[in-house]
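The block underneath contains the structure these notes are about, expressed in structure tokens.
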Amino acid sequence: MGETVHSPLVTYVSMLSLLTLCPPFVILLWYTMVHADGSISQTWDYLKQHMLQGFINIWPRPTATAWKIIACYAAFEAALQLLLPGKRVEGPVSPAGNRPVYKANGMAAYIVTLLTYLGLWWFGIFNPSVVYDHLGEIFSALIFGSFVFCVFLYLKGHIAPSSADSGSSGNIIIDFYWGMELYPRIGKHFDIKVFTNCRFGMMSWAVLAVTYCIKQYEENGTVADSMLVNTTLMLVYVTKFFWWEAGYFNTMDIAHDRAGFYICWGCLVWVPSIYTSPGMYLVNHPINLGIQLALYILVAGVLCIYINYDCDMQRQEFRRTNGKCLVWGKAPSKIVASYTTSSGETKTSLLLTSGWWGLSRHFHYVPEILAAFFWTVPALFDHFLPYFYVIFLTILLFDRAKRDDDRCRSKYGKYWKLYCEKVPYRIIPGIY
Ligand code: NDP
């Protein structure tokens, strides 16, 4: 615990800049999308003219309405997480040798959430446009609320950790930023990371995608095909996520990244604001693509989401069946890798070296990035800002591939070296 992938200086600089720059960026992005026509130069001119006071003026104060919307949404999602039935699934063995247990009710929660939201609109009980109209205040409240929540996580990690998969690096900033606990819980069953990452963060993506679509409809009496493509692709992506949620419990976010600012603040604030931003842009830009172009983009996007899903499923099935499955119609080729847990036990894992996982070590990031491009490209090329998410995602996943490679190298040693010899490319086959 406490070891960092990059050099200590890079780690500190990147941690401190993320901690200080992300919150104002969220507000500036929202402001530009909603009040400055999506134009960075318009926002820039405004800031040049009004300087710091101008920035303070555009930062919306969290209002009672914003807090109420967030509280109702969070309470609803927490209740669904606790109460909806779901299969019992076990996560992977943790570094301390524990095996966390989860309830796989994500898909049910997703369906109930969307039906409830659409039902509230349809029957005139709550208009999703209200969410769009208070978006700045909501993001502002989320920024402060999530920061406080991360302080709570930090304190909980010190005072009342839920399991032995917890510990301090001895540095307060690293502990706050990377987190203390691997899977903190409230009581025995309420898993905090499942809540922040899946039920709050990923769910908000779908809810906001629908919100933007409805807002455009309420404004114009119709929805442009660009918005339809964007919303459909984002919903297909989030549906895929919840369909495969139990598999997500085996990924880096849940199995390796501790509950701190990096992952939790990211899921509570960055996902609803930045991930949904291409849709936010389209609300005021009802671009018409024409049926043919719209369909091409839609099909390409769905294909990428499917390939990304298939990569994840291939790894999951391979691990679940202990390698006794077919990969692209053939018996999989694999490496049997042994490693030692932090408690000193020796265990083995299988590394798949065929199928998608034989093309490159993180091939699944390619369709992930392309899918994001396809749900952004309906915005066409008038402005750069809608593409911020795709660029951010590309940097995030290239960094993540490095972090994961480094972690696996230290976990599996010579077996990982063997995998790298068999599958030499990190992400893009033949190139990188
Ligand atoms: P992965 O699903 O790639 O999981 C990485 C882990 O898988 C490794 O740490 C290792 O864990 C194991 N592993 C590595 N190589 C092999 C192999 N050859 N065979 C079997 N197991 C292997 O992690 P991610 O969390 O990065 O990705 C999961 C999904 O989430 C992807 O679809 C990705 O695109 C998506 N994603 C989306 C993001 C977004 O912001 N939109 C951000 C991050 C991910 P072990 O210790 O068990 O061996």
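Just so you know, ligand 1 is whichever comes first in the structure, and atom 1 is the first atom listed for that ligand.
Defined by atom type and a distance below 3.5 Å, a donor-acceptor pair is present between the side-chain atoms of Trp356 and Asp310. For the residue pair Tyr248/Asn197, the side-chain donor-acceptor check at 3.5 Å is satisfied.
Legend: residues meeting ring-ring contact (aromatic ring centres under 6.0 Å, His included) with Tyr412, ordered by chain and number and at least two apart, are Tyr339.
With Trp265 as reference, Val269 is the one residue of Ile263, Val269, Leu268 to meet the side-chain contact (heavy atoms from CB on, under 4.5 Å) rule.
The aromatic rings of Tyr389 and Phe392 sit tilted relative to each other, their planes meeting at an angle between 30° and 60°.
Residue-level contacts of ligand 1 at the 4.0 Å heavy-atom threshold are Tyr237, Trp244, Thr251, Met252, His256, Tyr275, Asn308, Asp312, Arg315, Arg319, Leu350, Leu351, Leu352, Trp357, His364, Tyr365, Glu368, Tyr389, Leu393, Leu396, Leu397, Arg400, Asp404, Arg407, Cys408, Lys411, Tyr412, Trp416, Tyr419.
For Arg88 and Glu90, the salt-bridge test passes: some basic side-chain N is under 4.0 Å from an acidic carboxylate O.
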